[in-house]
Amino acid sequence: MKHTRRKFLQNCASSGAVMAMPFQLRLARASGNEFELIAEDFKYPLYEEGGPESDLWAYNKSSPGPEIRIKRGERVQVKLVNKLDVPTTIHWHGIRIANNMDGVSGLTQEPVMPGSSFIYDFTVPDAGTFWYHAHHKSWQQVARGLYGPLIVDEDTETFDRAHDLTLVLDDWRLDRQGVLQVDSLGALMDWSHAGRLGNWLTVNGTSNPKFSLNANEPYRLRLINVCNSRALDIDPGGFDAKLMAFDGMAFQEPEFLEYGPLSISPSQRVDLLVVPQEGKNFVIEEVSSDQNLPIASFSVSKNPDSSDMAVPALPQNNLPEPDVKNGRKITVGLTGGAMGNFEGIVYKGKKLSGEEFQQTKQFWAMNGVANLTEKPLFSARKGETIIIETTNDTAFFHAMHIHGHHFKILSGADEGRWRDTFFVDRTQKTTIAFVADNPGKWLFHCHMLEHAAAGMSSWFEVV
Ligand code: C2O
Ligand code: CU
């Protein structure tokens with residue numbers, strides 16, 4: 001292994017020894033819509049087949065965990081069995097779920113202790129691309145592999161399985177032997193800067209997997225960014241792809257991206273429409289550094305039996321339209337972080353100073369407060385439109401996620417789109433609006449998981 005020369009994600013580009021391994025789905029379905037997810041230790045050769053094994057934590061001995069697939073409007077029951085040595089929970093990211101099933105340890109449920117189990121029982125109101133992940137010390141548990149895709153099918157058949165591919169994208173931090181670095185989890189440097197960034201990119205657990213597609217047939221590619229803190233930039237126009245959905249919510253019509261590249265923030269999803277052309281193999285690349293890095297490679301060949309296939313339309317979800325004129329405006333200021341403004345940050349009711357930032361590891365704040373407080377950031381009446389204007393006064397970008405609701409972006413990145421996580425760049429402002437129609441206590445936090453743990457977490461309630 002030539003690992004001594006490994007640099008920032010670089011071997012993704014040069015590793016030729018990757019096999020054509022389709023995403024192996026391990027069956028999670030017990031019966032009907034009942035599933036079982038067993039969280040346990042899992043040894044896995046992340047760097048290459050037959051290579052040194054990393055100590056992952058995973059669901060059903062697979063990272064990503066098994067794809068859970070259900071239909072819009074259905075009820076689903078998932079039994080989480082905790083065979084880890086640590087407490088855990090599961091959060092169903094992007095699902096407008098009943099509050100007591102949201103899986104946030106310390107806010108909506110007690111963590112599931114080692115040797116115990118918990119049954120998540122909920123209905124899925126929206127079709128689209130979602131995911132599930134641990135929500136107890138997520139910065140540690142997601143980094144070690146506790147996540148998987150959750151796909152909700154539309155009421156009517158759209159893309160069949162052969163034309164519907166899920167790509168779960170993760171960046172792992174490997175050491176020089178090609179083994180997942182566990183000691184550096186929780187490093188102050190990551191918590192106060194850009195979060196934990198990996199150096200090894202995988203799709204469904206494999207570096208630069210190869211897919212074969214048929215020419216002239218429409219495909220839906222569901223990209224899910226499960227990285228702890230890395231935004232992944234891709235250029236869909238570079239392989240003639242259109243955008244079909246963001247964070248599970250279908251566009252009216254597939255659209256070419258007018259700006260580029262497309263940045264997929266941590267936890268965000270994008271569904272792409274690709275109609276590959278004969279003789280035009282293509283590669284989805286990460287384009288944020290000076291050297292493009294392959295994410296996944298696609299070879300295209302003609303299928304002799306193929307007949308003309310229309311592009312299936314994706315039906316819309318029934319999201320409540322915010323009443324922006326009469327909405328209540330909440331302003332949120334993000335502060336703190338390396339090279340940032342620490343003025344007056346309060347943690348557990350006490351103003352932090354000097355070394356206390358290091359001792360508590362609380363470096364970030366929302367409206368001057370680090371981490372969850374006793375009192376909610378705001379309290380909404382059920383049915384009220386809430387407008388949140390978030391100003392980023394830090395030296396880093398952030399990816400802010402709201403639980404239990406989807407929102408419309410009024411201004412800022414992805415203006416006009418529905419999302420569950422929004423991007424707010426340095427010194428910029430993003431404004432969103434949503435109908436607070438889901439009763440309960442909901443988190444509002446940065447989905448760069450180190451930032452969330454280091455203070456950039458808050459919550460609101462709907463009563
Ligand atoms: Cu994807 Cu609070 O989480
Ligand atoms: Cu952040």
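Whatever order the structure lists them in is the order used to number ligands and atoms, beginning at 1.
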> What is the name of the N/O/S atom in H398 that sits closest to the Cu ion (ligand 2)?
Replying inline: ND1
>> Do R417 and F251 form a cation-pi contact, if we require the NZ or CZ to be under 6.0 Å from the six-membered ring centre and within 45 degrees of the ring's axis?
In response: yes
>> Less than 6.0 angstrom from the centroid, inside 45 degrees of the normal: does R419 satisfy that with respect to the ring of F246?
In response: yes
>> Can you check the angle at atom 2 (Cu) of ligand 1 formed by NE2 of H445 and NE2 of H403? Round it to the nearest 10°.
In response: 100°
>> So that I can tick it off, tell me whether R269 and D420 are bridged by a salt bridge, with the cut-off set at under 4.0 angstrom between side-chain N and carboxylate O.
In response: yes
> Does a salt bridge link K71 with E154, judged by any charged N lying under 4.0 Å from a carboxylate O?
Replying inline: no
>> For the metal site, I want the angle between atom NE2 of H133 and atom ND1 of H93 with atom 1 (Cu) of ligand 1 at the apex, to 10°.
In response: 120°
> What does the angle at the Cu ion (ligand 2) come to, between atom ND1 of H451 and atom SG of C446, rounded to 10°?
Replying inline: 130°
